[in-house]
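First the structure, in the form of structure tokens, and then the observations on it.
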Amino acid sequence: MFEDFYKLMGPPFKLGPDHRFFYPSKNHDKALSYLRYGLHQDEGFIVVTGDIGAGKTTLVSQLFSELDKNRFLAAQIVTSNIDADDALRMILSAFGVTPHSNDKAALLRSFESFLAAQHRAGRRVLMVVDEAQNLPPRTIEELRMLSNFTAGGESLFQSFLVGQPQFKEMLADPSLEQFRQRVIASYHLGPMSADETADYIRHRLRLVGWKNDPAIEPEAFDLIYRHTGGIPRRINTLCSRLLLYGALEGLHVIDAPAVQDVVADLRTEVTEAPSKPMAKKVNGTANGHEVASLMASLERLTVTVDSHDRTLRQLLETALGLLAVDAASITVAETVAGTVEGSGDERT
């Protein structure tokens with residue numbers, strides 16, 4: 001409803017990743033440069049980590065939008081503690097490959113044939129693994145083994161792994177030494193600065209036709225940064241609510257008190273009972289640390305639900321593909337059995 005009130009062409013602060021709203025902050029631009037570097041190297045792994053809501057998935061979306069479709073075939077999977085064999089099935093499903101059988105040897109043959117066909121067509125296959133911190137070590141090792149497919153000295157399959165900060169700690173495991181040796185670059189995506197936060201907000205607003213209505217005062221920008229820590233998804237959550245609040249109140253100027261009111265509203269919407277006394281309030285509302293913690297909890301819940309939803313969809317697609325293979329096998333078996341029975345009747 002605030003889009004109509006402020007005459008915007010659409011919602012500027014959607015939580016889902018959309019490369020059209022990509023903002024090249026210093027950190028995001030550098031992370032994107034690392035991903036481009038990985039493509040140029042034609043081999044090895046690139047690892048990008050960042051806190052929840054830091055913009056990792058939007059970064060990948062931006063990379064995909066830049067890819068030359070004649071040179072690269074790219075896909076993305078979201079992991080949820082899947083084992084090595086399931087990871088291979090998910091990869092095949094992501095690229096639309098239906099294996100002829102469920103056994104590991106058949107899966108690998110299907111994957112190798114797919115890679116060879118793409119190589120003949122002049123394309124390299126790129127897989128981006130999101131939420132990589134959920135990968136068991138055995139699955140990470142499986143990705144390393146899949147990277148060994150080559151033709152004429154050229155790598156046929158490359159993976160970029162994107163995850164939360166704990167993924168870097170996981171990679172320190174001694175059992176993953178061989179994988180670490182294949183990592184050609186890694187980068188941690190940090191938050192935006194206060195100036196970048198203000199530019200980010202203006203950038204997204206302009207993309208939907210913002211004509212400085214509502215005007216946003218400098219003190220409001222400062223408070224938004226203070227309460228979000230420069231994390232894009234937190235900024236999106238707070239700014240969406242600010243625009244809704246402004247429309248309901250008939251505001252054409254967003255000032256510091258408006259930000260404080262919305263922050264207070266977000267705090268009261270947390271329905272879970274606190275396990276310990278709430279932090280002291282400042283000027284009748286929650287302090288910045290408390291609000292940031294509460295908003296982070298909401299974001300983690302959102303990410304978990306989105307991740308599980310995407311993973312379930314991918315697993316369902318894989319299962320449907322496997323059922324199709326089984327159905328085909330049953331049909332063939334019934335046909336063969338019918339033929340044998342018919343031959344027996346004739347002999348009788």
Using a strict cut-off of less than 4.0 Å between a Lys/Arg side-chain nitrogen and an Asp/Glu carboxylate oxygen, indicate whether Asp130 and Lys56 qualify as a salt bridge.
no
Inter-residue atom distance Leu67.CG - Arg124.CZ, 0.5 Å rounding
9.5 Å
Do Ile140 and Met170 have side chains that get closer than 4.5 Å, going by heavy atoms?
yes
I'd like to know if the side chain of Ser240 and the backbone of Phe13 have a donor-acceptor N/O pair within less than 3.5 Å.
yes
Contact check, side chains of Pro24 and Leu32, non-hydrogen atoms, under 4.5 Å:
no
Polar side-chain atom of Gln158 near backbone of Glu43 as donor-acceptor pair, under 3.5 Å:
yes
CG (Leu115) and CZ (Arg120) are apart, to the nearest 0.5 Å, by 10.5 Å
Consider only side-chain N and O atoms of Tyr225 and Asp195, and report whether a donor and an acceptor are under 3.5 Å apart.
no
If we ignore angles and hydrogens, is there a donor and acceptor under 3.5 Å between the side chains of Asp261 and Tyr245?
yes
Testing the basics here: between Leu8 and Gly209, what is the closest heavy-atom pair and its distance to 0.1 Å?
CD2-C, 4.3 Å
Heavy-atom distance under 4.5 Å between the side chains of His28 and Thr58, does that happen here?
no
Residues Glu141, Arg144: salt bridge by 4.0 Å N-O rule
yes
Nearest heavy-atom pair of Leu251 and Tyr6: which atoms, and what distance?
O-OH, 2.7 Å
Tell me if a side-chain donor or acceptor on Asp255 pairs with a main-chain N or O of Ala258 at a distance below 3.5 Å.
yes
same_hphob_cluster(Leu146, Ile184) at 4.5 Å side-chain heavy-atom cutoff
no
Using a strict threshold of under 4.0 Å (side-chain N to carboxylate O), is an ion pair present between Asp213 and Lys211?
no
Rounded to the nearest 0.5 Å, how far apart are CG of Asn134 and CZ of Phe167?
10.0 Å
Side chains of Arg89 and Leu107 in contact at under 4.5 Å (non-hydrogen atoms):
yes
Is it the case that atom NZ in Lys7 sees more than 12 heavy atoms from other parts of the structure closer than 6.0 Å?
no
Can Val48 be reached from Leu126 by stepping across I, L, V, M, F, W or Y side chains whose heavy atoms are under 4.5 Å apart?
yes
Salt-bridge test for Arg180 and Glu177: reply yes if a basic N is under 4.0 Å from a carboxylate O, no otherwise.
yes
Which class fits the ring pair Tyr200 and Tyr23: parallel under 30°, tilted 30 to 60°, perpendicular over 60°?
perpendicular
List the steps, then state whether side-chain contact (heavy atoms from CB on, under 4.5 Å) holds for Phe160 with Leu63.
CA-CA 11 Å; Phe160 293 168; Leu63 176 71; 3.9 Å; yes
Distance-only polar pair, side chains of Asn27 and Ser25, donor-acceptor under 3.5 Å
no
For Pro12 against Val208, the heavy-atom pair lying closest together
CB-CG2, 3.7 Å
Might you point out which heavy atoms bring Ala87 and Thr139 nearest each other, and give the distance in Å?
CB-CG2, 3.6 Å
State whether the side chain of His119 and the backbone N or O of Ser155 hold a donor-acceptor pair below 3.5 Å, judged by distance alone.
no
Glu66 and Arg36, any side-chain heavy atoms less than 4.5 Å apart
yes
Verify whether the ring centers belonging to His252 and Phe5 lie closer than 6.0 Å.
yes
